Amino acid sequence: MQGPLDDIVVLDLSRALAGPHAAQMLGDMGAKVIKVEHPAGGDDSRGWGPPFVGPDHDISTYFLAANRNKQSITADLKTPEGRTLIERLVRHGDVLIENFRTGVLDRLGFPVARLHELNPRLVVLSITGFGHDGPEGGRPGYDQIAQGEAGLMSLTGPSADEPYRVGASVGDVLAGMYGAYGVLAALHERARTGRGRVVRTSLLAGIVGVHAYHGTAWTVGGQVPAAAGNHHSTIAPYGAFRCADGMIQIAAGNDALWRKVAVLLDIDPDIPKYATNRDRFAHRGDLVADMEKALDAHDRVYWLTALTEAGVPAGAIRTLDEVYTWEQTRSQGLLIEVDHPVLGRIALPGPPVRLDGAPAAEHSPPPMLGQDSTDVLTWLSGREGGQR
């Protein structure tokens with residue numbers, strides 16, 4: 001596919017979600033992504049489900065989520081033949097992505113020094129659970145473990161006594177996003193210096209990197225934030241509220257918006273306990289009770305219409321089937337269709353970034369294990385023969 005990275009070759013040695021997500025992001029921008037998988041089963045996520053789909057119910061929808069716009073070849077890095085193939089690919093690659101435990105790639109014969117000996121221009125992205133060094137740098141990491149260790153679960157759930165994991169694997173996805181961001185910076189630097197470098201991130205770093213105001217509440221304010229359920233930790237009213245037939249979300253991020261909400265709900269906005277955000281937050285229990293008493297008079301459609309007409313940010317709480325059938329989602333390119341070699345025409349979640357003025361991209365489907373071996377080897381032989 002065409003894109004701003006269509007002259008970049010990415011070797012994706014990663015598996016599961018964080019590394020594959022980073023590679024998929026680069027593939028979305030046009031990079032040629034060669035996914036290198038073990039011949040015996042391939043990427044771990046090929047076996048993760050349910051749901052499984054296909055005639056034999058053996059294709060993981062989990063795998064489909066993180067591997068569009070890639071080619072798949074197989075290689076066993078523990079064999080001389082596998083290592084030779086990796087050496088050939090490294091010589092003609094621009095980026096190598098790996099998320100092995102610290103030291104594994106070294107033991108397989110590919111420490112960073114060796115990779116840069118083969119190709120000084122190579123950018124290496126290394127994603128770990130908790131960092132490549134430090135007192136716990138060698139720990140294995142999975143998303144939920146990292147969510148707990150990095151404090152995210154303490155901020156999520158109905159109360160401080162009931163920590164919840166975030167429903168999506170945000171630690172993995174964030175590490176992939178930060179990794180792709182680091183790769184782009186290293187490629188930009190390489191254009192000046194002619195040399196690649198190692199980009200490192202982790203599930204821990206990805207989650208700590210999005211603490212935002214929760215982080216400074218502690219580092220500067222000396223307060224330990226805690227879970228606040230479906231309400232904002234510093235702004236009121238901002239959260240989910242019950243009306244006659246369910247819940248809606250209302251976000252009054254400033255006093256002007258609060259006044260609009262108050263007028264709609266027939267609440268006096270100037271009584272002392274509701275006059276400012278600090279006052280409203282201090283009396284949030286009373287505020288929620290007063291708002292929900294008024295909201296109980298009508299259903300969700302009524303209130304969402306009224307709030308929208310008043311210019312107040314508000315919204316429904318959709319299930320995923322509602323999200324993907326919502327015309328706004330589709331209008332943003334967030335649902336794409338690809339021709340899968342076994343499943344036929346399927347819909348996938350699409351890339352979250354659009355480039356102004358660029359033609360609509362033709363995406364390729366997540367590959368079957370090893371399906372592109374012949375094509376990749378032909379391409380590689382051409383590169384070795386001096387062809388582009």
Side-chain angles (χ1 to χ4, degrees), residues 1 10-77 82 85 89 97-100 127 142-144 167-173 175-177 180 319-325 329-330 333-352 360-379:
M1 60 181 287
V10 177
L11 308 180
D12 181 10
L13 272 61
S14 64
R15 66 263 190 247
L17 185 52
H21 188 80
Q24 178 173 260
M25 289 181 66
L26 300 174
D28 286 342
M29 291 296 165
K32 179 183 181 68
V33 181
I34 301 170
K35 185 174 181 69
V36 182
E37 302 184 72
H38 194 280
D43 188 324
D44 295 345
S45 68
R46 288 188 183 273
W48 290 355
F52 293 98
V53 294
D56 298 321
H57 300 284
D58 60 350
I59 298 175
S60 163
T61 58
Y62 192 116
F63 177 84
L64 297 179
N67 290 286
R68 63 177 177 260
N69 298 322
K70 299 182 184 181
Q71 298 175 293
S72 172
I73 66 170
T74 59
D76 183 349
L77 274 64
L85 177 58
L89 289 167
I97 298 175
E98 62 92 9
N99 60 354
F100 296 109
I127 302 177
Y142 277 90
D143 181 86
Q144 184 164 338
S169 297
V170 293
D172 282 317
V173 172
M177 291 171 61
T319 55
L320 288 195
D321 57 323
E322 293 173 321
V323 171
Y324 287 113
T325 55
T329 299
R330 292 172 174 267
L334 296 173
L335 193 70
I336 61 173
E337 291 190 347
V338 297
D339 289 312
H340 190 273
V342 174
L343 303 176
R345 194 74 172 170
I346 59 171
L348 297 174
E362 287 292 330
H363 297 277
S364 62
M368 299 298 289
L369 179 61
Q371 74 170 41
D372 302 294
S373 294
T374 298
D375 289 345
V376 170
L377 290 173
T378 299
W379 166 84

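What you see is a predicted model; the values in this text were computed from it and never measured.
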Next item on the list: Walk me through it: do L89 and V376 pass the test side-chain contact (heavy atoms from CB on, under 4.5 Å)?
Entry: CA-CA 10 Å; L89 289 167; V376 170; 4.2 Å; yes

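- The shortest non-hydrogen separation linking F52 to G47 is CZ-O, 3.5 Å.
- Looking only at side-chain heavy atoms (C-beta outward), D172 and Y142 stay at 4.5 Å or farther from each other.
- Counting only heavy atoms from C-beta outward, the side chains of T74 and H38 never approach each other to under 4.5 Å.
- With rounding to the nearest 0.5 angstrom, the CD1 atom of I97 is 11.0 Å from the CD atom of Q24.
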Note to self: Determine whether H340 and M368 satisfy the following criterion, side-chain contact (heavy atoms from CB on, under 4.5 Å), listing intermediate values before the conclusion.
What the structure shows: CA-CA 9 Å; H340 190 273; M368 299 298 289; 3.5 Å; yes

Item checked: L335/L348 under side-chain contact (heavy atoms from CB on, under 4.5 Å): CA gap, chis, key distance, verdict -> CA-CA 6 Å; L335 193 70; L348 297 174; over 6 Å; no

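- The side-chain heavy atoms of P20 and D43, taken from C-beta on, include a pair separated by under 4.5 Å.
- Here the OG1 atom belonging to T325 is positioned 10.5 Å from the CG atom belonging to L320, to the nearest 0.5 angstrom.
- In this structure, L26 CG and D12 CG are separated by 9.5 Å, a value rounded to the nearest 0.5 Å.
- A75 and V36 get closest at one heavy-atom pair: CB-CG1, 3.9 Å.
- Two residues are said to be in side-chain contact when any heavy atoms from C-beta on lie closer than 4.5 Å; L343 and L64 meet this criterion.
- Using a cutoff of 4.0 Å between basic side-chain nitrogens and carboxylate oxygens, R46 and E37 are scored as salt-bridged.
- In terms of heavy-atom proximity, G19 sits nearest to S14 at C-OG, 3.0 Å.
- With values rounded to the nearest 0.5 angstrom, E98 atom CD is found 8.5 Å from I127 atom CD1.
- With hydrogens and angles ignored, the 3.5 Å screen pairs a side-chain donor or acceptor of T61 with a backbone N or O of P51.
- N67 places no side-chain N or O within donor-acceptor distance of the main-chain N or O of P366, the cut-off being under 3.5 Å.
- The distance from atom NZ of K35 to atom CZ of F63, rounded to the nearest 0.5 Å, is 5.0 Å.
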Margin query: What verdict does the side-chain contact (heavy atoms from CB on, under 4.5 Å) test give for N69 and V33, after you've listed the backbone C-alpha separation in whole Å, the side-chain angles of each residue and the deciding distance to 0.1 Å?
Written below: CA-CA 7 Å; N69 298 322; V33 181; over 6 Å; no

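- Note that CG of D372 is 6.5 Å distant from OG of S72, once rounded to the nearest 0.5 Å.
- Proximity of D143 to L17: side-chain heavy atoms (C-beta onward) are nowhere separated by under 4.5 Å.
- D44 approaches R15 most closely through the heavy-atom pair OD2-CG, 3.9 Å.
- Using a 4.5 Å cut-off on side-chain heavy atoms (C-beta onward), P55 and V342 make contact.
- Two residues are said to be in side-chain contact when any heavy atoms from C-beta on lie closer than 4.5 Å; H363 and P351 meet this criterion.
- Smallest separation of non-hydrogen atoms from L13 and F100: O-CZ, 3.9 Å.
- With contacts defined as side-chain heavy-atom distances shorter than 4.5 Å, the pair L377/L85 qualifies.
- Look at R68 and D28 and you find a salt bridge, because one of the NZ, NE, NH1 or NH2 atoms lies within 4.0 Å of a carboxylate O, short of that distance.
- Side-chain N or O atoms of S60 include one that pairs as donor or acceptor with a backbone N or O of W48 at under 3.5 Å.
- Heavy atoms only, all atoms of each residue included: A18 and A175 are closest at CB-CB, 4.2 Å.
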